[in-house]
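Please read all numbers here as calculations on a predicted model, not as lab measurements.
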Amino acid sequence: MGFLADALSRVKPSATIAMTQKARELKASGMDVISLSVGEPDFDTPDHIKEAAIEAIRRGETKYPPVSGIVPLREAIARKFKRENGLDYKPSQTIVGTGGKHVIYNALLATLNPGDEVVIPRPYWVSYPEIVVLCGGTPVFAETDMAHDFKLQPEELERVITPKTKWIILNSPSNPSGAAYAHDELKAITDVLMRHPHVWVLTDDMYEHLTYGDFAYVTPAQVEPGLYERTLTMNGVSKAYAMTGWRIGYAAGPEHLIKAMDFIQGQQTSGATTISQWAAVAALDGTQEHLARFRAAFQERRDLVVSMLNQASGLKCPMPEGAFYVYPSCAALIGKRTEGGKTIETDQDFVTELLQSEGVAAVHGSAFGLGPNLRISYATSNKALEEACTRIQRFCASLR
């Protein structure tokens, strides 16, 4: 009998964290590395949010918080959902966690039994299937393709739903593809779900505010009110407010689910950091003027990266609607050889050789369940992106 839990053998490490760490190690050794592997805005947290945290410390807001979150933040969350999404939630229908991942984990831990299935469209954020496995469930993957911009089609959703399906996880805009569902596209998905009343919806809206052009953001319970009683709408302050290190995620849903998540959290973390919660109040209730600046910068970077990658020999890069990732295909380069004689057999080989030869860190698409692709984050400066894309072009051109 082994000491460690069997579940650990069924869970893969995070490829995004692994590649980011590898890039750090190479940079520390003296290599000129440009990391495009991390999913984190390069902007600083807006000043009014930082000031709110400082004032909270000065007021002595340093004690244990209520497990589900401080009342002012839960009220601010309810106001946010009403103001921005047209969704009516009472504060008692909201919960605050230590980041969005924590919220997802608690929701699945509170609801999954052995044999329960969770539908996950691929490509997916690397943590979704691993969290499902840790919580005792079974991930079931729904296929997408570049022809449909990596968006789940209703026929495919219908195909994968079974009597054992308990949840579907929807992420729009998507990590890793940047794909976002317009109203009609999402309505086609919710129409399928309305025919399967045993399936709940866990929607990850973390990139809600990072959409570009005239794209109009919508979330499932907003598109189909009939799903309100079986939808957990998750969001957070990490991306839109450049608060990744503050570790605040939140969600709203049916009160009995929120109470179950609260029950678990009470024996787990006893609540998110109080100071960060007060900062999140300022984020949700305060000025949103920084969002236009963030969006403009990210859109300019997106356009730059897509243009340059599509000029690279063998890469094909679609234009995403949101987030700060692109997900180009490197299928045309599989089977080619590097100048050193290494055969590129997989997308992991591609990103490994790219890092070693050109010092550009990206994440292989197979880690997100769909390849041969690579995920590139453009959450860095235009100068760094231009240099990185020039190096990618040079690497692609060198393959024979």
Side-chain angles (χ1 to χ4, degrees), residues 15-16 36-43 100 120-126 128 142-153 169-186 188-189 203-219 235 238-240 291-292 294-312 315-331 347 351 360 362-382 384-386 388-389 392:
T16 54
L36 306 181
S37 60
V38 64
E40 180 173 49
D42 58 321
F43 302 113
I120 303 172
R122 54 176 155 197
Y124 47 71
W125 180 44
V126 294
Y128 292 148
E143 306 301 334
T144 72
D145 55 42
M146 188 179 289
H148 293 100
D149 297 322
F150 303 113
K151 297 176 190 178
L152 178 63
Q153 299 301 296
I169 299 178
L170 291 173
N171 177 210
S172 174
S174 162
N175 176 4
S177 72
Y181 292 84
H183 185 282
D184 289 349
E185 294 169 327
L186 195 54
I189 297 299
T203 176
D204 180 348
D205 296 354
M206 192 64 72
Y207 296 91
E208 171 187 4
H209 291 296
L210 301 180
T211 60
Y212 311 116
D214 57 359
F215 185 88
Y217 183 83
V218 285
T219 194
N235 210 315
S238 294
K239 313 299 183 179
L291 290 175
F294 281 17
R295 280 192 291 263
F298 281 135
Q299 181 168 339
E300 182 179 354
R301 296 169 181 183
R302 177 200 63 171
D303 295 348
L304 169 68
V305 169
V306 170
S307 175
M308 292 191 71
L309 292 181
N310 279 322
Q311 295 172 52
L315 292 186
K316 184 177 181 181
C317 185
M319 179 72 77
E321 293 94 342
F324 37 68
Y325 310 104
V326 292
Y327 201 65
S329 169
C330 58
D347 52 14
V351 299
V360 176
V363 185
H364 52 291
S366 54
F368 304 95
L370 182 65
N373 293 72
L374 56 150
R375 190 197 76 171
I376 289 174
S377 168
Y378 51 86
T380 189
S381 71
N382 290 41
L385 290 170
E386 188 167 355
C389 289
I392 292 171

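Formation of a donor-acceptor pair under 3.5 Å by the N171 side chain with backbone atoms of P173 is found in this model. Side-chain atoms of K239 never come within 3.5 Å of backbone atoms of E208 as a donor-acceptor pair (strictly under, hydrogens ignored). Within the 3.5 Å criterion, the main-chain N or O of Y181 finds a donor-acceptor partner in the side chain of S172. Checking side-chain atoms of Y327 against main-chain N and O of P318 turns up no donor-acceptor pair under 3.5 Å. Side chain of D347 to main chain of S366: a donor-acceptor pair is present (N/O by atom type, distance under 3.5 Å, no hydrogens or angles). Listed for the R302 side chain is no donor-acceptor partner under 3.5 Å among the backbone atoms of Y378.
By the salt bridge (Lys or Arg N to Asp or Glu O under 4.0 Å) test, D42 pairs with R301, sequence neighbours left out. Annotation: side chain to side chain contact (heavy atoms under 4.5 Å, CB included) contacts of V38 (sequence neighbours excluded): T20, E40. Remark: S377 pairs with F324, Y325, A379 by the side chain to side chain contact (heavy atoms under 4.5 Å, CB included) rule, at least two apart or across chains. For T219, the side chain to side chain donor-acceptor pair (under 3.5 Å) test picks out D205, with sequence neighbours left out. Listed by chain and number, the residues in a salt bridge (Lys or Arg N to Asp or Glu O under 4.0 Å) with E143 are R122 (sequence neighbours excluded).
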Full working for side-chain contact (heavy atoms from CB on, under 4.5 Å) between F368 and V126: CA-CA 5 Å; F368 304 95; V126 294; 3.6 Å; yes

Criterion side-chain contact (heavy atoms from CB on, under 4.5 Å) on N373 and M146, from CA distance to verdict: CA-CA 10 Å; N373 293 72; M146 188 179 289; 4.0 Å; yes

Pair D145-Q153, side-chain contact (heavy atoms from CB on, under 4.5 Å): steps then yes or no: CA-CA 10 Å; D145 55 42; Q153 299 301 296; over 6 Å; no

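Between the side chains of Y212 and D303, no donor N or O sits under 3.5 Å from an acceptor N or O.
Atom-to-atom distance recorded for L36:CG and L385:CG is 6.0 Å, nearest 0.5 angstrom. Here the CG-CD distance, from D214 to E321, works out to 10.5 Å after rounding to the nearest 0.5 Å. Here CD1 of I189 is found 12.0 Å from OG1 of T203. Values are rounded to the nearest 0.5 Å. Note that OG of S381 and CD of E386 are 10.0 Å apart. Values are rounded to the nearest 0.5 Å. Taking OG of S329 as the start and CG of L370 as the end, the distance is 9.0 Å to the nearest 0.5 Å. One finds the CD1 atom of I376 at 7.0 Å from the SG atom of C317 (value rounded to the nearest 0.5 Å).
With contacts defined as side-chain heavy-atom distances shorter than 4.5 Å, the pair P176/F150 does not qualify. Contact annotation: the side chain of Y128 approaches that of D204 to within less than 4.5 Å [non-hydrogen atoms, C-beta and beyond].
The two residues A362 and V351 make their nearest non-hydrogen contact at O-CB, 3.9 Å. The two residues V306 and P320 have their closest heavy-atom pair at CG2-CD, 4.1 Å. Summarising the geometry of A323 relative to S174, their closest heavy-atom pair is CB-O, 3.8 Å, with the distance given to 0.1 Å. Listed here is the closest heavy atom pair of L291 and A240: CD2-O, 3.3 Å.
Considering V305, L304, N310 as possible partners of M308, the one that fulfils the side-chain contact (heavy atoms from CB on, under 4.5 Å) test is L304.
Among residues at least two apart or in separate chains, salt bridge (Lys or Arg N to Asp or Glu O under 4.0 Å) pairs with a member in residues 175-185 are K151-E185.
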